[in-house]
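Input: a single structure, listed below in structure tokens.
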Protein chains: 2
Amino acid sequence: MFKPVTIKDIAKELKLSTSTVSRALRGGYEISDETKKLVLDYAEKINFKRNPIALSLKERRSYSIGIVVCEVANVFFSQAIDGIESIAYSKGYNTIISQSHDKYEREVINMEHLANRSVDGIIISLAAETKNYEHIEKLHKQGLPIVFFDRILESMQTHKVTSNNVKGAFEATEYLIKKGCKKIAHLANSEQLSITAQRQIGYKDALTKHHIPFKKEYVRYCEHGGSMKDEVEQAMISLLNLPEKPDAIFVASDRLSMGCLAALKKHHSENIIVAGFSNSDVVELFSPSLSCVRQPAFEMGQIATEMLISIIEAKYPVEEFETRILDTTFSPIA
Amino acid sequence: MFKPVTIKDIAKELKLSTSTVSRALRGGYEISDETKKLVLDYAEKINFKRNPIALSLKERRSYSIGIVVCEVANVFFSQAIDGIESIAYSKGYNTIISQSHDKYEREVINMEHLANRSVDGIIISLAAETKNYEHIEKLHKQGLPIVFFDRILESMQTHKVTSNNVKGAFEATEYLIKKGCKKIAHLANSEQLSITAQRQIGYKDALTKHHIPFKKEYVRYCEHGGSMKDEVEQAMISLLNLPEKPDAIFVASDRLSMGCLAALKKHHSENIIVAGFSNSDVVELFSPSLSCVRQPAFEMGQIATEMLISIIEAKYPVEEFETRILDTTFSPIA
DNA sequence: GTGAAAGCGCTAACAC
DNA sequence: GTGTTAGCGCTTTCAC
């Protein structure tokens, strides 16, 4: 079976004590240069690596951080993960990625598992279904550092990173208005998500500015964030069947944008103009086309990670928390 | 700080020894039902969870399996990951996902890290850049169970899962031929990958069957799997500038397919017909359109995981290895 | 400058 | 049926 070299093996080989070896390895100042070199060279030679499991047990921390996102297949999240990893690795942390698939139960299980696994902190974007936050609050109260990004929990006292959802939504909606559209529908994520509220504000603001009345009938929520089969298509059908059929749609998330375009194509309504949040890197290939609001996902991941590590490594309990709001970029089609 | 309950706390509270508690918790037959109930109830009440770190240290295994893929943003891999997780979780294992981004160095670091992290085994699909396999062979020799999927290492004695790359490529190419194309180019991944060789065989077979000569000039390899900026576009440009400009392209992977379509659009060559490997779930939205060969990614992940766990849990060293080849599905456009 | 020993949380042989 | 003890690999007092 797989049996790595231990500090003991080195000690035996070099006729030293394990403590001396340990100290030499971590460059303890008490050790003579001679011994230090001896140990270091030998360790190098046999490719010794400290056992992080033992270290974790000893230090009650693991130098790993947990990530909870709805799914890695979503470009926004995979970019964010890349950002998280870039910072984490550079600071000596590893990451453990877990997916909630927008399910509340999965999120609960994932969080518990990460906590048991002794991650030093968690970076999370809430699942679409999550309405109860006890599982997070409990861990937070127990002292586990938690940072939110994208889909944040406003009520929790901790660091948060979002993009400027209001402005992003405003720009997209105003673009549709300037295109001459008057009946602009809004396809949204589940109602209780922070991003849903924010993006709806931007949508409404744009309507108001241009004297277009806001109509509740034009708004559809996807409770499962589009993870449920047919969820998005059903929402789209009900919009398309409205007596006053929309001439444009503002879509509030990546996954919904894809579902929206697919539904328009399927139901031969390509004349409806779509603008929405999406970080897709192949958006120029889409037909019907999509004007999109892009979030700085990579950077959001980086910042969230810096924030998390700052809490983890803080000498004293952190009392002051920050919410960073990054700008989105709007890329209209033509 | 975050301080979970330990078995010791329970022992103290219940005035028992830690071993009794430990045994009761795992349902040891020697413990009286009375004590067992006492312990179980109390553990339940205070929401006790065994510390997996301590367990790992003790048992020299972690009940976690490592995954190495080029990137999670790639649909094929994210689907495979979902398959892996489905089996892993059901059998009590956790997963640690790591991305090579098709870089050799990253792959080496990831593998080492996973091994140090005491994963019980690794499921890997090779990076496009990887040409040297010592990092894998070393761990394998040390007894770490390894299973390959998709981009496999033929020379290693272990379980492997692939899709029927030859047949998939054959079908796609033949489809192009039946569409009336005669000058069919081939955009491929890096040359040393198993899938590259296999898919090229299928491509050639189809040409041969229909009496079209194979031309080396029509083949382009992407050494970095398309992860390098402009890599795919450059390859495409050189194909488009050929004296005998191709009238169709068979593309050998998901990422390349996207790059290929983007390049065709950018260089106004939408008349060229494209067929290629892709597991994209929004392929019907693409323009130019893509006829695609789909791999059963989820199932491949599941099978790989079952194989891995069978090695991990084998009582005796496994000597007989299996290579499972799953069928692809071809979805032509129109 | 180096070694012996205790302890992180858990399990399992070995008492009793 | 339950307790004692040693040990997984490592760090870190405390001796010397």
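Numbered from 1 within each chain, the chains take letters A, B, ... in sequence-line order.
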Does [X] put a side-chain nitrogen or oxygen below 4.0 Å from OP1 or OP2 of [N]?
| X | N | value |
| --- | --- | --- |
| A/Arg60 | C/dG9 | yes |
| B/Ser56 | D/dC8 | no |
| B/Ser17 | D/dT2 | no |
| B/Lys8 | C/dC8 | yes |
| B/Thr35 | D/dT2 | yes |
| A/Thr20 | C/dG1 | no |

Under-4.0 Å salt bridge between A/Glu134 and A/Lys141
no

Under 4.0 Å between a side-chain nitrogen and a carboxylate oxygen: does that hold for A/Arg60 and A/Asp120?
no

Measure [atom1]/[X] against [atom2]/[N] and give the value in whole Å, please.
| X | N | atom1 | atom2 | result |
| --- | --- | --- | --- | --- |
| A/Lys58 | D/dG7 | NZ | P | 18 Å |
| A/Leu55 | C/dG9 | CG | P | 15 Å |
| B/Leu57 | D/dC10 | CG | P | 9 Å |
| B/Asp33 | D/dT2 | CG | C1' | 15 Å |
| A/Tyr63 | D/dC10 | OH | P | 16 Å |
| B/Arg50 | C/dC8 | CZ | P | 19 Å |
| B/Leu25 | C/dA12 | CG | P | 13 Å |
| A/Arg23 | D/dC10 | CZ | P | 15 Å |

If you count the non-hydrogen atoms of other residues, nucleotides and ligands that lie under 6.0 Å from CD in B/Glu313, is the total more than 12?
yes

Any heavy-atom pair between the side chains of A/Thr158 and A/Val318 that's under 4.5 Å?
no

Report the end-to-end axis angle of the helix from C/dG1-D/dC16 to C/dC16-D/dG1; each axis comes from five terminal pairs, and the value is rounded to 10°.
50°

Polar side-chain contact B/Ser19-D/dT4 base: donor and acceptor under 3.5 Å
yes

Establish, from distance only, whether the side-chain atoms of A/Asn110 and A/Gln99 form a donor-acceptor pair under 3.5 Å.
no

Using the side-chain hydrogen bond (donor to acceptor under 3.5 Å, both in side chains) rule, pick out the option among B/Thr35, B/Asp41, B/Asp33 that qualifies with B/Lys37.
B/Asp41

If you draw the axis of the six-membered ring of A/Phe48, does the NZ or CZ of A/Arg50 fall within 45° of it and under 6.0 Å from the ring centre?
no

B/Ile136 and side-chain contact (heavy atoms from CB on, under 4.5 Å): which single residue from B/Leu144, B/Val108, B/Ile124 fits?
B/Ile124

Please work out if B/Leu16 contacts a base, only the sugar-phosphate, or nothing of the nucleic acid, heavy-atom cut-off 4.0 Å.
sugar-phosphate

Classify the nucleic acid contact of B/Tyr29 as base, sugar-phosphate or nothing, counting any heavy atom under 4.0 Å across all strands shown.
nothing

Using heavy-atom distances to pick each residue's nearest nucleotide on DNA chain D, tell me which of B/Glu59 and B/Val21 is more 5'.
B/Val21

